[in-house]
Amino acid sequence: MIRNSQWDLGISFVGCGSAMPHKVITNDQLGQRVDTNDEWIKSRTGIGERRVIGENESLIELATEAAFDAIKMADWDVKTIDLIILATSTPEDLFGSAPKIQSNLGASNAVAFDLTAACSGFLFALVTASQYLGSGAMKRAVVIGADQLSKWVDWDDRKTCVLFGDGAGAVAIESSENESGLVGYDLKSDGSKGGCLNLSQSNIFLDLVQGVTHQKGEYLPIQMEGKEVYKFAVKEVPIILGELLDKYQINSECIDWLLLHQANQRILDAVASRFSIPSEKVLSNLRHYGNTSAATIPLMLDEAVRDQRIKSGDLIACSGFGAGLSWGAALFYWHGPH
Ligand code: ACO
C-alpha cells in the first residue's frame, strides 16, 4: 500500500453503515404529480425510485442508525470515539445536528459538528476527519453523510424533483501505525459558478422597528441548471481523479471500484469510460435511491461492503461533486473490521 506522506499516521477504514427511509416513491408515482414518466427519468438519469423521510422518521434518526451500524462493524466501544462529523446541507437544526447524534449514540467523549459542502460533503468531511487522525490528535472518527433534500425540492418542478431522495451513510475510520487506507485526496471549490445549483435563502425583508427591516429566515426550493452541472461533473471529475492517480503513480487498471457521487448514471458512465474502467467495477445504486446528496458515497460503500463486492484490501477511487460548486476525489483502500 502507498503511504500518504503528509501524515505521521495512516488511516484505516474499519466500518460502514447506512439507513434509509421506509417510503419509496417510484417514477410512475411522480408521473402522477408532474409531467414526467419512467422512461424519461430512467434513460436520462438511471433513477427508478427514491426514498423520502415521512412521518415518524427523521434525518437525525437515520444518521444515528447509519453511524451505529458503522461503529458496530468496527466493534468499537462508543466511549472511544473522538470525533463525529455530520456532512449535511439539511440539518434539522441550523445550529447543527451532529451533537444530537453524538448524544443518541452515547459517544460522550466525541466532539461532534456539522460540515456543509452539498453533494461533496461526505468527501470533504472524510478528509477533514483524516487530518485529526493522521496528525495523531485523535484516534477514532465517525463520518456521516446524511441529507433530506425532499424538504427543499419543489415537487412541482419536474427538472429537479425526479433526481433527489433522502438517506444516510457513515464510515468508521481510525488512525493506524501499520496501515494507510487513505492514499491521497484533493478538494476544490469554484464559487464563481455557484449559481448553477442553489438552495438559497429567500429575499424577504420584514419591518422590525421604525426604519429598520430584518431578513426573514426562509429558504427557496432547490434551483438547478442541470445541463451546466452535468458538464461541470463530466469535465472536472476525470481531471481531479486523473491528477490523483498520476500523483500516486497508480494505473487506472489497479482500481478495484469506482465509487462516485450518485447523481446520474450517465455521469458515472462518462467518467468510467474516460479511465477505461469496465462497468462491473462501477458502483451504482441510483436505480433505488436517486441522488441522496452527502449520503450517496457512504450508502453505496456500505451496500457493496455488506454484499461482499468490496473486499478487504480493495482500492477505491472515489469522487464527489455538487453545489458550491465543489468537488473532490480520494483514493482509499477498504480495510474492514480487524
Ligand atoms: N420528465 C420529462 N421531461 C423532462 C423532465 C422530466 N423529469 N425534466 C426535463 N424534461 C424535459 C425538458 O423540459 C426539456 O424539454 P424541451 O426540450 O421541450 O425544453 C427536455 O426534457 C430536455 O431537458 P434537459 O434539461 O436538456 O435534459 P438533460 O438531458 O440535460 O437532463 C438532467 C436533465 C437529468 C437534470 C441532467 O442535466 C443532469 O443530470 N444534470 C446533472 C444534475 C446533477 O447531477 N445535479 C446534482 C448535483 S449534486 C448536488 O450538489 C445537489
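None of these values were measured; they are calculated from a predicted model. Each ligand, and each atom within it, is numbered from 1 in the order the structure gives.
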Problem - Verify same cluster id: L259, V143 (apolar side-chain graph, 4.5 Å) - result: yes
Exercise for the section: Mark yes when over 12 heavy atoms from residues, nucleotides or ligands other than N56 sit less than 6.0 Å from its CG; otherwise mark no. Expected result: no
Practice task
Quick one: which residue pairs count as a salt bridge (charged side-chain N to carboxylate O under 4.0 Å, His left out) with a foot in residues 275-298, not counting sequence neighbours?
Solution key: none
Check ligand 1 for N or O atoms under 3.5 Å from a protein N or O and list each pair with its distance.
from     : atom 1 : to   : atom 2 : distance (Å)
ligand 1 : 1 (N)  : T36  : OG1    : 2.6
ligand 1 : 3 (N)  : W40  : NE1    : 3.4
ligand 1 : 3 (N)  : R158 : NH1    : 3.4
ligand 1 : 7 (N)  : T36  : OG1    : 3.1
ligand 1 : 7 (N)  : R158 : O      : 2.9
ligand 1 : 13 (O) : R158 : NH2    : 2.9
ligand 1 : 21 (O) : W40  : NE1    : 3.4
ligand 1 : 26 (O) : K227 : NZ     : 2.7
ligand 1 : 27 (O) : R44  : NH1    : 3.4
ligand 1 : 29 (O) : R44  : NH1    : 2.6
ligand 1 : 29 (O) : R266 : NH2    : 3.4
ligand 1 : 30 (O) : K227 : NZ     : 3.2
ligand 1 : 37 (O) : G226 : O      : 3.2
ligand 1 : 39 (O) : N264 : ND2    : 2.6
ligand 1 : 40 (N) : G226 : O      : 2.9
ligand 1 : 50 (O) : A323 : N      : 2.7

Problem - Donor-acceptor side-chain pairing of S12 and S176 below 3.5 angstrom - result: no
Handout entry: Pairs where residues 195-212 contributes a residue and the test side-chain hydrogen bond (donor to acceptor under 3.5 Å, both in side chains) is met, not counting sequence neighbours
Key = none
Handout entry: Residues in salt bridge (charged side-chain N to carboxylate O under 4.0 Å, His left out) contact with E303, at least two apart in sequence or another chain
Key = R309
